[in-house]
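A short write-up of the structure that comes next.
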Amino acid sequence: MTLGAKILTAAAIFFLLLWGAFLALGAQPLKVTSALSVIYGEHEDFYADAAVYQKVRNETLYFLYLPRARPPYRWWSVDYKNMTISLIKAPRSIGSRKYLLRGDPKGADIGNKDNKDEWSWHFTEQGAAFSGNGFMCRVRKAKGN
């Protein structure tokens, strides 16, 4: 084996061990998915440029990034299993990769008793919708999902 091959092999092993330690410490990587289509808006302006993320190996929990929404309303989680919608903090990132840590807060559930007057939401077999404070979002499962 040449010196260059040994260095590449050692670097590959090092980065695999580093990735394993990262996951063992509680990191939950997020991947971009096309399982949902999202339309959101405020007042008269509506957009369809949302990015949808989901945890690896989780088919019911989605994270929505709405780039043109007001800053407090840019990140949401939609959990189809528990039928909850939460306003969340932006996930952590390394470069363009997004991830959560196990201990990260879950966010403010809009179904909370304190928010009942401000927000309305509903789930259907095809998706979910929620609105409040001049903001509206519709999430639909993409065909074939």
Side-chain angles (χ1 to χ4, degrees), residues 1-43 45-112 114-115 118-119 121-145:
M1 209 180 210
T2 67
L3 180 61
K6 288 179 183 179
I7 291 172
L8 282 175
T9 303
I13 291 170
F14 172 74
F15 284 113
L16 283 173
L17 290 173
L18 189 64
W19 180 253
F22 182 67
L23 294 176
L25 291 174
Q28 301 167 342
L30 300 178
K31 64 178 181 174
V32 176
T33 182
S34 60
L36 300 177
S37 66
V38 178
I39 295 177
Y40 67 98
E42 297 188 73
H43 307 293
D45 301 320
F46 289 89
Y47 307 100
D49 60 352
V52 181
Y53 297 88
Q54 72 183 122
K55 288 182 184 179
V56 176
R57 298 183 310 253
N58 188 329
E59 302 293 322
T60 62
L61 179 61
Y62 297 93
F63 300 93
L64 312 178
Y65 173 59
L66 313 175
R68 296 188 194 186
R70 285 179 280 168
Y73 300 134
R74 287 201 177 142
W75 284 95
W76 294 86
S77 71
V78 177
D79 186 349
Y80 284 100
K81 181 179 178 184
N82 298 319
M83 293 193 163
T84 58
I85 299 171
S86 300
L87 186 58
I88 62 170
K89 293 186 341 182
R92 301 165 190 263
S93 62
I94 295 177
S96 64
R97 302 284 183 192
K98 306 261 187 256
Y99 69 95
L100 299 171
L101 292 178
R102 264 190 215 122
D104 284 347
K106 302 294 183 212
D109 183 3
I110 64 171
N112 187 337
D114 298 334
N115 292 333
E118 297 176 26
W119 293 94
W121 70 98
H122 70 275
F123 282 87
T124 65
E125 288 183 24
Q126 293 83 22
F130 54 98
S131 63
N133 294 330
F135 177 83
M136 187 286 290
C137 184
R138 181 191 56 94
V139 180
R140 293 196 67 155
K141 294 180 182 176
K143 298 198 188 288
N145 286 327

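We number each residue from 1, following the sequence as shown.
A cation-pi arrangement is found for Lys141 relative to Tyr80, the charged atom lying closer than 6.0 Å to the ring centre and inside a 45° cone about the ring normal.
Between the side chains of Thr60 and Asn58, at least one donor N or O lies within less than 3.5 Å of an accepting N or O. A donor-acceptor contact under 3.5 angstrom links the side chains of Tyr73 and Asn133, judged on distance only.
Under the 4.5 Å side-chain criterion, counting only non-hydrogen atoms from C-beta, Ile85 is not in contact with Trp119. Between Leu64 and Val139 the shortest side-chain heavy-atom distance falls below 4.5 Å. Side-chain contact between Tyr53 and Tyr62: absent, with no pair of heavy atoms (C-beta onward) separated by less than 4.5 Å. In this structure, the side chains of Trp76 and Phe130 come closer than 4.5 Å at one or more pairs of heavy atoms. When side chains are defined from C-beta on, Leu30 counts as touching Pro91, because their heavy atoms get closer than 4.5 Å. By the 4.5 Å heavy-atom criterion applied to side chains, Lys98 and Arg92 are not counted as neighbours.
Here the closest heavy-atom approach between residue Ala50 and residue Pro67 is recorded as CA-CD, 4.1 Å. Residues Arg74 and Ala69 approach most closely at NE-O, 2.9 Å, considering heavy atoms. Of all heavy-atom pairs spanning Ala142 and Ser34, the tightest one is CB-O, 3.4 Å.
With rounding to the nearest 0.5 angstrom, the OG1 atom of Thr124 is 7.0 Å from the CZ atom of Arg140. With values rounded to the nearest 0.5 angstrom, Arg138 atom CZ is found 10.5 Å from Leu36 atom CG. Expressed to the nearest 0.5 Å, how far NE2 of His122 lies from OG of Ser131 amounts to 9.0 Å. For the atom pair His43 NE2 and Phe46 CZ, the distance stands at 10.0 Å (nearest 0.5 Å).
Checked by atom type and distance alone, the side chain of Ser86 never pairs as donor or acceptor with a backbone atom of Ile88 at under 3.5 Å. Between the side chain of Gln54 and the backbone N or O of Phe63 there is no donor-acceptor pair closer than 3.5 Å.
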- Message: Could you walk me through whether Lys81 and Leu61 satisfy the side chain to side chain contact (heavy atoms under 4.5 Å, CB included) test, starting with their C-alpha distance in whole Å, then the side-chain angles of each, then the deciding distance to 0.1 Å, before giving a yes or no?
- Response: CA-CA 7 Å; Lys81 181 179 178 184; Leu61 179 61; over 6 Å; no
- Item | Stepwise side chain to side chain contact (heavy atoms under 4.5 Å, CB included) check, Ile39 with Cys137 | CA-CA 6 Å; Ile39 295 177; Cys137 184; over 6 Å; no
- Message: Using the rule given for side chain to side chain contact (heavy atoms under 4.5 Å, CB included), can you reason through Leu66 versus Phe135, listing the C-alpha separation, both sets of side-chain angles and the distance that settles it, and then say yes or no?
- Response: CA-CA 11 Å; Leu66 313 175; Phe135 177 83; 3.4 Å; yes
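Taking the six-membered ring where tryptophan is involved, the planes of Tyr40 and Tyr47 are tilted, since the angle between them lies from 30° to 60°.
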